[in-house]
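Below: one structure, written as structure tokens.
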2 protein chains.
Amino acid sequence: MNYELLLREHKLKVTPQRLGILTLMQNAGHLDVEELFVLIKKQFSSISLATLYKNINAMLENSLITEIKIPRHKSKYEIAKEPHIHLLCQKCNEFIDVSVNIDSLVDEVSMKSHYQLMDSSIVLCGVCEKCQAL
Amino acid sequence: MNYELLLREHKLKVTPQRLGILTLMQNAGHLDVEELFVLIKKQFSSISLATLYKNINAMLENSLITEIKIPRHKSKYEIAKEPHIHLLCQKCNEFIDVSVNIDSLVDEVSMKSHYQLMDSSIVLCGVCEKCQAL
DNA sequence: CTGAGTGCAAACGTTTTGCACTTGC
DNA sequence: GCAAGTGCAAAACGTTTGCACTCAG
């Protein structure tokens, strides 16, 4: 993925710190602020938490990344992509994406509520395959 | 609803403050900490935020209430009940429950991911009927 | 060259803690 | 009577802000 282009497309200046943040997010899939700070410090030992927060907020405002609020956990951040849902393993805390078509759910809810729906935040919790085997 | 019984069933002592908190939650449907504090102060003018937090946490731990994390908003709390999903109006911030069967979604995700799913957190965002009319 | 980004320290709002006192059971 | 809950003040925590300096465009 070309992060320089990605930043420019979202009207954000390209800085080494931002490239590092995006690379880490992409590699990990989802990271919370603390995880991100620990990792980014390895590359930029003098980076400050303030800079991290400012960049996260700038990228959120420009919809370059999205925040995922998770029951009983800290928010995680991911590079914005097509709509999808999230799965959380309650044993090992694995957190993954799943692509699934939610049109029928949205249609049904739309019908019942008369809401015009535009966005969804879906997190399902359970036990992953590996943890079931234990 | 009998809140005294509800508290006892969840192994929590019955106090006037707790009864007040539960009554407010039930009447409003969902409240965030700040809203709850403003309202409960009208009944117990000397109640402290610490007490409110301690009670919210105690009730959460005993699954008497649940926390709903909402994108771009503060968490709200509601008295625990059968699984359901939430709708948020992005214009007027109305926040409502909807009962909808999510078995087919859960089955599909379960099949794809091999997760054993046990819990769901679903918030759909859009525009309510009244706001669409404006 | 100029506006935006960075890093630091201080401030801020929210939540938790410790403690003395009170209350439910 | 005793464990648990309450209210207060202080502390802890996560996040934001102001400012001087640096850097991207």
Side-chain angles (χ1 to χ4, degrees), chain A residues 2-25 31-62 64-77, chain B residues 2-25 31-62 64-77:
Chain A
N2 185 338
Y3 302 117
E4 302 200 12
L5 185 58
L6 190 61
L7 285 164
R8 291 208 185 89
E9 283 172 352
H10 290 265
K11 308 189 188 320
L12 291 168
K13 286 195 176 176
V14 177
T15 69
Q17 289 88 340
R18 287 177 178 172
L19 293 173
I21 290 170
L22 289 173
T23 304
L24 289 170
M25 272 189 192
L31 289 169
D32 63 36
V33 172
E34 196 185 329
E35 290 167 339
L36 204 40
F37 189 56
V38 169
L39 293 172
I40 197 74
K41 272 224 158 196
K42 293 182 182 170
Q43 260 181 82
F44 302 92
S45 56
S46 68
I47 197 173
S48 77
L49 251 181
T51 298
L52 180 55
Y53 276 108
K54 283 171 189 168
N55 282 328
I56 287 175
N57 287 332
M59 292 180 189
L60 280 174
E61 275 161 32
N62 291 281
L64 200 164
I65 62 173
T66 51
E67 178 176 6
I68 313 153
K69 293 202 171 186
I70 312 167
R72 293 171 293 278
H73 289 263
K74 286 186 267 190
S75 288
K76 288 182 180 284
Y77 300 86
Chain B
N2 185 335
Y3 301 118
E4 300 199 15
L5 184 59
L6 190 62
L7 283 164
R8 290 210 185 85
E9 282 172 352
H10 289 267
K11 306 189 189 323
L12 292 169
K13 287 194 176 175
V14 176
T15 68
Q17 290 87 340
R18 285 177 180 173
L19 293 173
I21 290 170
L22 289 173
T23 304
L24 289 171
M25 270 190 194
L31 290 169
D32 63 36
V33 173
E34 196 186 329
E35 291 167 339
L36 205 38
F37 189 55
V38 169
L39 293 172
I40 196 75
K41 272 225 157 193
K42 293 182 182 172
Q43 259 181 83
F44 302 93
S45 56
S46 68
I47 198 174
S48 77
L49 252 180
T51 298
L52 180 56
Y53 275 109
K54 282 170 190 167
N55 282 327
I56 287 175
N57 287 333
M59 293 179 189
L60 280 174
E61 275 162 31
N62 291 281
L64 200 166
I65 62 173
T66 50
E67 178 177 6
I68 313 153
K69 294 202 171 186
I70 312 168
R72 292 171 293 279
H73 289 263
K74 285 188 267 192
S75 288
K76 289 180 178 283
Y77 300 87

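Within every chain, numbering begins at 1; the chains are lettered A, B, ... in the order of the sequence lines, protein sequences first and strands thereafter.
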Letter per nucleotide, 5' to 3', of nucleotides 18-25 of chain D [B base touched, S only sugar-phosphate touched, - untouched; heavy atoms, 4.0 Å]:
B-----BS
Within this structure, what is the CG-to-P distance between L7(A) and dT6(C), rounded to whole angstrom?
10 Å
For I56(B) and dT16(C), what is the distance between atoms CD1 and C1' respectively, to the nearest whole Å?
13 Å
Think N55(A) has a side-chain N or O under 4.0 angstrom from the OP1 or OP2 of dG5(C)?
no
Once rounded to the nearest 0.5 Å, what's the spacing between atom CD1 of I40(A) and atom CG of L31(A)?
10.0 Å
Separation between CG of N55(A) and CG of L12(A), rounded to the nearest 0.5 Å:
8.0 Å
Atom CD of residue position Q43(A) - does it have more than 12 heavy atoms of other residues, nucleotides or ligands inside 6.0 Å?
yes
With sequence neighbours excluded, residues passing side chain to side chain contact (heavy atoms under 4.5 Å, CB included) with K13(B)
R18(B)
Rounding to a whole Å, what distance do you find between L19(A):CG and dG5(C):C1'?
13 Å
Reported OG-to-CD1 distance for the pair S75(A) and I70(A), which is rounded to 0.5 angstrom:
7.0 Å
Taking CZ from F37(B) and P from dG13(C), how many angstroms apart are they, rounded to a whole number?
15 Å
Which part of the nucleic acid, if any, lies within contact of E34(A), taking any heavy atom under 4.0 Å across all strands shown: a base, the sugar-phosphate backbone alone, or nothing?
nothing
dG7(C), OP1 or OP2 - any side-chain N/O from S46(A) closer than 4.0 Å?
yes
Would you give the length of the straight line joining atom CG of L39(B) to atom CD1 of I21(B), rounded to the nearest 0.5 angstrom?
11.5 Å
From CD1 of I21(B) across to C1' of dT6(D) the rounded distance in Å is 11 Å
Just by distance, do the side chain of N62(A) and the backbone of L64(A) share a donor-acceptor pair under 3.5 Å?
no
What is the separation between atom CG on L49(B) and atom P on dT17(C), rounded to the nearest whole Å?
15 Å
Does CD in E34(B) sit with more than 12 non-hydrogen atoms of other residues, nucleotides or ligands closer than 6.0 Å?
no
Between CG of D32(A) and P of dC13(D) the distance, given in whole Å, is 16 Å
In residues 64-76 of chain B, what residues come within less than 4.0 Å of DNA chain C, judged by heavy atoms?
none
Here the distance between atom P of dT17(C) and atom CG of L52(B), to the nearest Å, is 15 Å
Between the CD atom in E61(A) and the CE atom in M59(A), the distance rounded to the nearest 0.5 Å is 12.0 Å
Report which part of the nucleic acid T51(B) touches: base, sugar-phosphate, or nothing (heavy-atom distance under 4.0 Å, all strands).
base
Within the pair Q17(B) and dT23(C), is there a side-chain N or O less than 4.0 Å away from OP1 or OP2?
no
